[in-house]
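Whatever order the structure lists ligands and atoms in, that order sets their numbers, starting from 1. When reading the values below, keep in mind they use all heavy atoms of this one structure, side chains included, and skip hydrogens, waters and symmetry mates.
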Amino acid sequence: MVKRILVINGPNLNMLGIREPEIYGRMTYAELERFIRAAAREANLEVELFQSNHEGALIDAIQGAHGRMDGIIINAGAYTHTSIALLDALQSVALPAAEVHLSNLEAREDFRRPSYVRAACGYSVMGRGAEGYRLALQWLKQQLINNEGKI
Ligand code: DQA
């Protein structure tokens, strides 16, 4: 059975391409979705993509993955640095999870350094742009292989 990964993008990521291109690049959110779908096809994984600007909607999406999805990739945007509720949601469903950031948080403002969601993520990638999502998919695939011997 093909494994299913939920890819969650949080607030303002729908503004990619318009938003601070010197930091986030010129790829639009629609292009990012196409990139992720292509990377998933390459890895023989199924992806479901979800974007919301609302913390509660992100929590609902994580909870909805329980029993339905095999792993989660999350770029929680600014909620990364504020949301214990998102961390709790990830810990509740206890699926293998990977954290992605387009920009390099280490090279930006101090308030972007802490990540609450990271405590629930076995893998974290930042500063690699869209490529980070491909790396996260590959890491999740390896996790699922390790957990099951094969997929
Ligand atoms: C981001 C980094 C966050 O600090 C910021 O609030 C975002 C995007 C990134 O992908 O680099 O919205 O998660």
Tell me if a side-chain donor or acceptor on Asn53 pairs with a main-chain N or O of Asn12 at a distance below 3.5 Å.
yes
Numbered atoms of ligand 1 (with element) below 4.0 Å of Asn75, judged on heavy atoms:
1 (C), 9 (C), 10 (O), 13 (O)
Any chance the side chains of Asn44 and Glu42 put a donor and an acceptor closer than 3.5 Å?
no
Go through the side-chain N and O atoms of Asn146 and Gln142 and say whether any donor and acceptor fall under 3.5 Å apart.
yes
Identity of the nearest option to atom 7 (C) of ligand 1, non-hydrogen atoms only, from His101, Arg19, Glu20:
Arg19
Any side-chain heavy-atom pair of Phe35 and Arg134 under 4.5 Å:
yes
Measuring from non-hydrogen atoms of Tyr79 to any atom of ligand 1, is the shortest distance under 4.0 Å?
no
Does ligand 1 have an atom that lies less than 4.0 angstrom from a heavy atom of Leu105?
yes
Student check: side-chain heavy atoms of Ile73 and Tyr133 closer than 4.5 Å:
yes
If you measure from each heavy atom of Met126 to ligand 1, is any distance below 4.0 Å?
no
Donor-acceptor side-chain pairing of Thr80 and Glu99 below 3.5 angstrom
no
Does any N/O atom on Arg108 come nearer than 3.5 Å to any N/O atom on ligand 1?
no
Quick check on contacts: which atoms of ligand 1 are under 4.0 angstrom from a heavy atom of Arg112?
3 (C), 4 (O), 5 (C), 6 (O)
Under 3.5 Å, is there a donor-acceptor pair linking the side chains of Ser92 and Gln63?
no
Under 4.0 Å from a heavy atom of His81: give me the atoms of ligand 1 that qualify, with their elements.
3 (C), 4 (O)
The closest protein heavy-atom partner of atom 9 (C) of ligand 1 is Leu102 N, 3.4 Å
closest protein heavy atom to atom 11 (O) of ligand 1 is Ser103 OG, 2.6 Å
